[in-house]
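No hydrogens, no waters, no symmetry mates; every other heavy atom, side chains included, goes into these values. Just so you know, ligand 1 is whichever comes first in the structure, and atom 1 is the first atom listed for that ligand.
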Amino acid sequence: MPGTDNNSRNQASRELDAVVIGAGFAGLCALYKFRDVMGMDVQVYETGDGVGGTWYWNRYPGARCDSESFYYCFSFDEDLAQEWEWTGKYPEQPEIERYLNHVADRFDLRRNIQLSTRVTHAKFDDATNRWEIRTEHGECVSARYLVTAVGCLSDANLPDIQGRDSFEGESYHTARWPKGGVDFTGKRVGLIGTGSTGIQATPVIAAAAEHLTVFQRTPNFTVPARHAAFAASDQVEIKKNYSQIFKRTRESPAGFPYFPIDRSTHDVSPEERDEILEGLWEEGGFKFLWGGFSDLLLDPAANEIASEFIRNKIRGIVKDPETAELLCPKCHAYGSKRPPIDTDYYTTFNRDNVSLVDIKTVPIESITPSGLRTADAEYELDVLVFATGFDAMTGSLLKIEIEGSGGQRLADTWAEGPRTFLGIQVAGFPNLFTITGPGSPSVLINMPVAIEQHVDWIADCIQHMNETGKSRVEATVTAQDEWVEHVAEVSQYSLMGRGNSWYVGANIPGKPRVVSPYTGGQPLYRERCEAVANAGYEGMQFGS
Ligand code: N01
């Protein structure tokens, strides 16, 4: 059995204060807060054989964070922030994985983390107000609280393409990449998917492979990252300003230490507008979306101006006009799908060893033992890469068989789409807390900021229960219904819910189409969470 060195392996009927599922950013943060700050008895279970979550699994070539390193990290410990040295602006996967391992060691978290252990079942007992949690190894523990830290983008989506398993070459999903890497030398590689992952992986695979064929269903807008290494003076400046940087990440709409500019695209002349967009393109990163104009995600006409600006960049960069036009998104607004940022994506299509295949017009018919077949061509491949994304927001939660009060199943309760109160609690599932759950800003803001806010809020709620002698808490149906309605209403003002993306579950056949993340921005969301807590957890009912 894997992980036998872990301490809780033989304690099948252990009584815990909390079980946390997942040892990525969220699980590590929760363990630290609950155990070291609150003094709780906590056990973390993690499927992987290392900590890191997203940054453990996504080790594909080119994997790099799209948020800047110095604020894509924990703020809960000043010394941690001061001692860790980020090497540059956008850290690569190994660097973030190292950081999270450092956090696990620095706070001695590993002694309460059981690796290589998937939680399969969780059942709430109304008689004891406790969760009974079972793992794939047959262990069973009891906990007052069940806290899910399973990630929003962790359930890899391997599309059900005919003949998929008949392929005789190597095939990999980007989120299940082998630890030793993949040698592409002299190989013909096919890559399916042009989301953030495919866009990061394409240039790196192209540089190593004999030939890379990118199978594109939907072209995507991407803006250059402009990655740069930090100079020693950058480090000094960041560390000097850390308290201010972290404060700003908690106050800004997207959890970055920057505030969006309050200026409409229509407030300036076309020349000035182009100059601003050009400046943002040169600067690179997410700022293109919110650093120039405030209406790109609100006004289709404003959005179209930015969209056309990017299309013209593609036409300028990609030498073959037919390929350039294929790479130009024309059916969705910029930002209606999560915008990628890239390093050399479009220029990669100028390489002789790279070709682009439009599978929207001529779909994939099947995967064959020797490659892939579309309606009009056969592609001989040695390696097939699936950069096909995730069953986002709900996939990993629903993989666990969760039974709440009265034996109701989470999968049934969410059959028409997820329903939560603040994205943290679910009516009918007492003492369950979902870190960055659907209905919270989660993926739309800088994740460590979203995670720390949830962990703090959950800890305060548990503290309130301890002080008032309660052993059971759950959202009321009324409060949950109102929140779900609010999330849906707010989403109507944004273009984010209008693309066929994982934001709305459109990437998974048969998944109910619901805008899962809260699009109202961090300040409004935090205000609401604080108001609920300050009113004695209004909208939640307690029992003993
Ligand atoms: O997944 P995606 P991703 N046949 O769902 C295509 C985060 N992230 O892994 O658009 C053919 O965005 C699909 O086509 P279409 C980030 O939040 C962060 O790239 O559905 N194609 C699409 O092109 C991101 O948004 C970072 O038509 C199929 C692609 O696969 C999220 O993760 C880095 C298909 C999937 O794109 C997910 O990104 C990377 C099929 N059957 C990712 N099924 C960093 O910040 C799907 N596709 C580091």
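- Within a 6.0 Å sphere centred on CD of Gln162, other residues, nucleotides and ligands contribute 12 heavy atoms or fewer.
- Closest heavy-atom contact between Tyr503 and Pro339: OH-CD, 4.3 Å.
- Between Asn220 and Thr222, the side chains place no donor N or O within less than 3.5 Å of an acceptor N or O (distance only, hydrogens not considered).
- Residue Ser67 comes nearest to Tyr72 through the heavy atom pair CB-CD1, 3.8 Å, listed as atom of the first residue, atom of the second, then distance.
- Between the side chains of Thr343 and His227, not a single donor N or O lies within less than 3.5 Å of an accepting N or O.
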Exercise for review: For Tyr242 and Gln244, run side-chain hydrogen bond (donor to acceptor under 3.5 Å, both in side chains): C-alpha distance rounded to whole Å, both residues' side-chain angles, the deciding distance at 0.1 Å, then the answer.
Suggested key: CA-CA 5 Å; Tyr242 247 139; Gln244 193 58 23; over 6 Å; no
Contact table, ligand 1 N/O with protein N/O, distance under 3.5 Å:
{"unit_1": "ligand 1", "atom_1": "9 (O)", "unit_2": "Thr197", "atom_2": "OG1", "d": "2.6"}
{"unit_1": "ligand 1", "atom_1": "10 (O)", "unit_2": "Thr218", "atom_2": "OG1", "d": "3.3"}
{"unit_1": "ligand 1", "atom_1": "10 (O)", "unit_2": "Lys337", "atom_2": "NZ", "d": "2.8"}
{"unit_1": "ligand 1", "atom_1": "17 (O)", "unit_2": "Arg338", "atom_2": "NE", "d": "3.3"}
{"unit_1": "ligand 1", "atom_1": "19 (O)", "unit_2": "Ser196", "atom_2": "N", "d": "3.0"}
{"unit_1": "ligand 1", "atom_1": "19 (O)", "unit_2": "Thr197", "atom_2": "N", "d": "2.9"}
{"unit_1": "ligand 1", "atom_1": "19 (O)", "unit_2": "Thr197", "atom_2": "OG1", "d": "3.3"}
{"unit_1": "ligand 1", "atom_1": "20 (O)", "unit_2": "Arg217", "atom_2": "NH2", "d": "2.9"}
{"unit_1": "ligand 1", "atom_1": "23 (O)", "unit_2": "Thr194", "atom_2": "N", "d": "2.9"}
{"unit_1": "ligand 1", "atom_1": "25 (O)", "unit_2": "Trp502", "atom_2": "NE1", "d": "2.9"}
{"unit_1": "ligand 1", "atom_1": "27 (O)", "unit_2": "Arg217", "atom_2": "NE", "d": "2.8"}
{"unit_1": "ligand 1", "atom_1": "27 (O)", "unit_2": "Thr218", "atom_2": "OG1", "d": "2.4"}
{"unit_1": "ligand 1", "atom_1": "30 (O)", "unit_2": "Ala387", "atom_2": "O", "d": "3.3"}
{"unit_1": "ligand 1", "atom_1": "45 (O)", "unit_2": "Asp66", "atom_2": "N", "d": "3.1"}
{"unit_1": "ligand 1", "atom_1": "45 (O)", "unit_2": "Asp66", "atom_2": "OD2", "d": "3.4"}
{"unit_1": "ligand 1", "atom_1": "45 (O)", "unit_2": "Arg338", "atom_2": "NH2", "d": "3.3"}

